[in-house]
Amino acid sequence: MIVTRFAPSPTGYLHVGGARTALFNWLLARKMGGKFLLRIEDTDMKRNTATAADQVLKDLKWLGIDWDEGPDIGGPNGPYHQSERRDIYDKYIQQLIDEQKAYYCFDTPEELTQLRLAAEKEKRHNIYPRPEVFPTAADVEKAKAEGRPVTVRFAIPRDETIVITDEVRGEVRIEPTELSDFIIQKSDGFPTYHMAVVIDDELMGVTHVIRGQEHLMNTPNHQLLQRALGFRIPKYAHMSVTVSDSGGKLSKRERPKTLKKELKAKPDADLQALANAGGISVEDLELFVRGKMVPDMPVIDAIAEVAGVHLPEINIVDFFRSGYIPETMVNFLAMLGWNPGDGREIMKVDELTEAFDLSRVSKSNSLFDRKKLLAFNTEHLKTEMTPLETLTKHFRAYLEENESPVASADDAMLAHLITINEGARTLEQIEQKSRFAFIADEAMEYDEKAIKKVLLKGDGLAMLKTVGEALAALEEVTAESVENLLRGLAEEKQVGLGKVAQPLRVGICGNTVSPPIFDAVQMLGMETTQKRIAQTLEKYGN
RNA sequence: GGUCCCAUCGUCUAGUCAGGCCUAGGACACCGGGUUUUCAACCCGGCAACAGGGGUUCGAAUCCCCUUGGGACUACCA
């Protein structure tokens with residue numbers, strides 16, 4: 001049976017790249033009827049936060065990626081936090097030392113920096129100078145007494161060329177003379193990533209490792225470690241990286257970068273208000289704009305919202321908050337460097353699972369094309385693609401996350417909103433078109449441009465009044481009855497339906513974008529419709 | 001700088017491993033038209049690519065070499 005895994009280090013929200021890695025592993029496991037496990041790589045005590053780990057699990061769940069073993073559900077190969085597996089790592093590290101395959105080092109960070117600088121200067125590889133004779137336990141005691149850091153390095157066997165067989169790249173050859181003895185145990189006693197990953201993958205029975213290209217050059221190290229420990233060598237597949245359409249690697253730095261750029265372009269912005277929104281001082285904000293420092297992500301988000309700046313989505317939650325649904329994300333992420341080979345692009349999860357195949361993973365970098373993502377979302381938002389019930393669930397989650405007034409609607413109403421707004425590109429669009437019906441009449445937001453264009457030009461106001469009177473006579477308010485009435489009115493006046501519908505739309509919604517006008521009237525009901533028409537006439541009818 | 005990886009329309013890609021079916025197919029974007037009560041959606045049409053050079057071959061997008069370009073790595077981070 002095949003076993004795959006996703007092993008994030010909990011340093012923040014799950015981002016697009018991580019989600020793609022997780023998805024590919026998950027897809028392969030599900031396709032082959034294997035197991036998919038989740039492991040938290042929290043060996044770097046400086047970077048971890050507990051909430052970050054929770055958030056990653058939450059993001060995966062939102063995407064619909066489930067795991068058979070993991071930190072929250074346990075399993076036969078636990079624990080699934082690397083920080084809780086120290087005794088296991090220690091055992092193997094000791095084994096390597098005993099077998100003279102690894103050795104202690106006592107260098108200070110400064111000494112290491114010197115080594116690196118010297119190598120750079122001489123334009124050669126930074127290869128650690130392995131001692132002729134390995135330090136003994138007594139040396140360790142002595143170093144400790146002197147207050148020197150104690151680390152353990154793996155002694156790279158340099159007798160033969162290393163051949164990595166990669167499922168997507170084929171055979172990659174590396175000369176071991178290019179490799180430096182790397183640290184497997186840090187001075188704080190934790191194993192490094194290389195050591196922990198090799199041990200855990202072996203113990204957890206991982207058969208396939210799908211990860212980013214950035215790990216390709218780590219693989220020879222891992223393979224050497226596996227051989228030294230007598231472990232099995234899993235199958236590797238290194239995926240190309242995903243680059244951003246704004247150039248460069250898709251990284252979380254893009255959000256602060258964009259905000260900074262936008263803020264610079266608005267020299268008249270109220271810095272005090274923005275600083276308040278972010279909960280930082282004006283001085284800090286100025287430092288940020290000048291590129292001297294970068295505040296935390298929540299601060300960035302808050303400032304962007306107040307400044308009205310749309311930040312590029314990088315983390316999975318960003319897409320959730322922007323009105324994308326998980327079906328879209330899963331589909332789109334899967335197509336980042338993979339395709340089924342038969343021309344299909346818009347696919348459901350079960351179709352993806354069915355079609356997935358490592359041999360069709362692309363070698364070249366893929367670009368994260370937001371326009372295409374939008375098109376994917378438009379497709380998945382259609383009820384023939386995703387059941388209305390599911391869409392309703394997503395819509396509610398979206399509304400609650402964004403604290404929208406529309407959240408007060410019941411499921412039947414939400415489903416109705418989705419139905420009448422068929423063709424929307426995001427949940428955000430549906431929300432924007434719907435919110436007019438969920439706010440108090442007095443709180444109606446009027447779009448000045450719409451008012452000018454539709455009501456104050458020509459006989460817009462007069463038409464609104466006429467339409468209002470005609471509607472008042474309506475006995476039963478349904479989308480159909482309203483439609484009949486408005487069409488009849490347009491015919492009677494010898495004008496297009498637009499001439500009748502637009503003033504009414506602005507009159508009751510406050511802007512020119514709404515659901516179909518008949519549905520809009522029905523949703524509001526006659527009483528509210530009349531009230532809003534009167535209110536609008538009073539406000540703009542001089 | 002060194003090591004490794006990659007290279008088809010603006011973008012994602014199919015085709016490359018097993019050379020002829022490729023006057024290079026699809027999708028997104030864009031442009032034009034249609035439909036329409038707004039925004040979308042929808043329908044029809046169009047633009048547009050084998051990075052450059054050299055080989056191998058009857059024949060190359062496909063195989064080989066060089067050049068150029070892009071990327072990853074080069075940590076007591078994962």
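Worth knowing before you read on, the calculation uses all heavy atoms, side chains too, and leaves out hydrogens, waters and symmetry mates. Order of the sequence lines fixes the chain letters, A, B, ..., with proteins taken first and strands second; residue numbering starts at 1 for each chain.
Partners of A:D200 by salt bridge (charged side-chain N to carboxylate O under 4.0 Å, His left out), not counting sequence neighbours, listed by chain and number: A:R39, A:R85. Residues satisfying the side chain to side chain donor-acceptor pair (under 3.5 Å) criterion with A:H238, sequence neighbours excluded, are A:D166, A:R211, A:T219. Residues passing the salt bridge (charged side-chain N to carboxylate O under 4.0 Å, His left out) test with A:D159, sequence neighbours excluded: none. With sequence neighbours excluded, the residues that form a ring pair (Phe, Tyr, Trp, His ring centres under 6.0 Å) with A:H194 are A:F182, A:H222. Qualifying ring pair (Phe, Tyr, Trp, His ring centres under 6.0 Å) partners for A:Y398, counting only residues two or more places apart in sequence or in other chains: none. Residues forming a ring pair (Phe, Tyr, Trp, His ring centres under 6.0 Å) with A:W338 (at least two apart in sequence, or on another chain): A:F356. By the ring pair (Phe, Tyr, Trp, His ring centres under 6.0 Å) test, A:F518 is found to be paired with no residue, residues two or more places apart in sequence or in another chain being considered.
Among the protein residues, A:D107 comes within range of the nucleic acid bases, having at least one heavy atom under 4.0 Å from a base atom. Counting non-hydrogen atoms under 4.0 angstrom, A:S187 reaches a base of the nucleic acid. Heavy atoms of A:I346 sit nowhere under 4.0 angstrom from any nucleic acid atom. Across all strands shown, A:N218 has heavy atoms under 4.0 Å from base atoms, whether or not it also approaches the sugar-phosphate. Looking at heavy-atom distances under 4.0 Å, A:H215 makes contact with a base. Residue contacts for A:E422: at a heavy-atom cut-off of 4.0 Å it reaches a base atom on one of the strands shown. Residue contacts shown for A:T43 are limited to sugar-phosphate atoms, with no base heavy atom under 4.0 Å away. Among the heavy atoms of the strands, none lies under 4.0 Å from A:F190. Residue A:T378 is in sugar-phosphate contact alone, with no base atom involved, counting any heavy-atom pair closer than 4.0 Å across all strands shown.
The aromatic rings of A:Y104 and A:F106 lie parallel to each other, with less than 30° between the two planes, well short of the 60° mark. By the 30° and 60° cut-offs, the orientation of the rings of A:F134 relative to A:Y103 is parallel.
In this structure, A:I418 atom CD1 and B:C39 atom P are separated by 23 Å, rounded to whole Å. Counting to the nearest Å, the C1' atom of B:A40 and the CG atom of A:D519 are 14 Å from each other. As rounded to whole Å, 17 Å separates atom P of B:C77 from atom CZ of A:R211. Distance CZ (A:R5) to P (B:A78): 14 Å, rounded to an integer number of Å. Rounding to whole angstrom units, NE2 of residue A:H194 and C1' of B:C73 are separated by 11 Å. The distance from atom OH of A:Y128 to atom P of B:A75 is 14 Å, rounded to the nearest whole Å. Spacing between atom CG of A:L115 and atom C1' of B:U74 amounts to 14 Å, rounded to whole angstrom units. Between the CD atom of A:E384 and the C1' atom of B:A41 there is a distance of 11 Å, rounded to whole Å.
The nearest heavy atom of RNA chain B to A:A501 and to A:G343 marks one nucleotide each, and the one closer to the 5' end goes with A:G343. Residues A:P515 and A:G337 each lie close to RNA chain B; by heavy-atom proximity, the contact nearer the 5' end of the strand is made by A:G337.
Residue pairs satisfying the side chain to side chain donor-acceptor pair (under 3.5 Å) criterion with at least one member in residues 512-521 of chain A, sequence neighbours excluded, are listed as follows: A:R505-A:S514.
B:U23: no Watson-Crick or G-U partner with both key distances under 3.5 Å is found in any strand. Under the Watson-Crick or G-U wobble criterion, with both distances below 3.5 Å, B:U68 is paired with B:A7. Pairing of B:G32, defined by two Watson-Crick or G-U wobble distances under 3.5 Å, is identified with B:C44. Using the Watson-Crick or G-U wobble rule with both distances under 3.5 Å, B:C73 pairs with B:G2. Figure legend. B:C63 is base-paired to B:G55; pairs are counted as Watson-Crick or G-U wobble with both atom distances under 3.5 Å.
Side chain of A:K382, nearest nucleotide from B:A41, B:U13, B:U11: B:A41. The side chain of A:S514 sits closest to B:U38 out of B:U38, B:U37, B:A78. Comparing B:G71, B:U38, B:C76 by their closest approach to the side chain of A:Q502 singles out B:U38. For A:V513, counting side-chain heavy atoms from C-beta on, the closest listed nucleotide (B:U37, B:C39, B:U13) is B:C39.
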Measure all distances between protein nitrogen or oxygen atoms and nitrogen or oxygen atoms of nucleotides 1-5 of chain B, and list the pairs falling under 3.5 Å.
{"from": "B:G2", "atom 1": "O2'", "to": "A:H125", "atom 2": "ND1", "distance (Å)": "3.2"}
{"from": "B:C5", "atom 1": "O2'", "to": "A:R169", "atom 2": "NH1", "distance (Å)": "2.3"}

Might you list the N or O atoms of the protein lying below 3.5 Å from N or O atoms in nucleotides 28-34 of chain B, with each pair's distance?
{"from": "B:A29", "atom 1": "OP1", "to": "A:R425", "atom 2": "NH2", "distance (Å)": "3.4"}

Could I get a table of every N or O pair under 3.5 Å where one atom is in the protein and the other is in nucleotides 15-17 of chain B?
{"from": "B:G15", "atom 1": "OP1", "to": "A:R360", "atom 2": "NH1", "distance (Å)": "3.1"}
{"from": "B:G15", "atom 1": "OP1", "to": "A:R360", "atom 2": "NH2", "distance (Å)": "3.3"}

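A:D42 and A:S83 are linked by a side-chain donor-acceptor pair at a separation below 3.5 angstrom, with hydrogens and angles left out of the test. A donor and an acceptor atom, one from each side chain of A:E431 and A:S404, are located under 3.5 Å apart. No donor-acceptor contact under 3.5 angstrom links the side chains of A:Q94 and A:D90, judged on distance only. Between the side chains of A:E175 and A:T161, at least one donor-acceptor pair of N or O atoms lies under 3.5 Å. Side-chain polar atoms of A:R5 and A:N25 form no donor-acceptor pair below 3.5 angstrom.
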Legend entry - Evaluation steps, salt bridge (charged side-chain N to carboxylate O under 4.0 Å, His left out), between A:R158 and A:D181: CA-CA 10 Å; A:R158 305 213 211 260; A:D181 290 352; 3.6 Å; yes
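Taking atom P on both nucleotides, B:C66 is separated from B:U3 by 14 Å, rounded to a whole Å. With P as the reference atom, B:C39 and B:C30 are 15 Å apart, rounded to whole Å. For the P atom pair drawn from B:U37 and B:G45, the interatomic distance equals 25 Å after rounding to whole Å. The gap from the P atom of B:U62 to that of B:G54 amounts to 14 Å, rounded to the nearest Å.
Remark: A:R130 fails to qualify as a cation-pi partner of A:Y128 under the 6.0 Å distance and 45° angle criteria applied to the six-membered ring.
In this structure, the ring of A:F368 has its center less than 6.0 angstrom from the ring center of A:F319.
Proximity of A:K186 to the phosphate of B:C77: a side-chain N or O atom is located under 4.0 Å from OP1 or OP2. OP1 or OP2 of B:U37 lies within a sub-4.0 Å distance of a side-chain N or O belonging to A:R487.
Against RNA chain B, the stretch residues 489-500 of chain A makes heavy-atom approaches under 4.0 Å through A:L497, A:G498.
Counting atom types as modelled, A:T151 pairs no side-chain N or O with a base atom of B:C76 as donor and acceptor under 3.5 Å.
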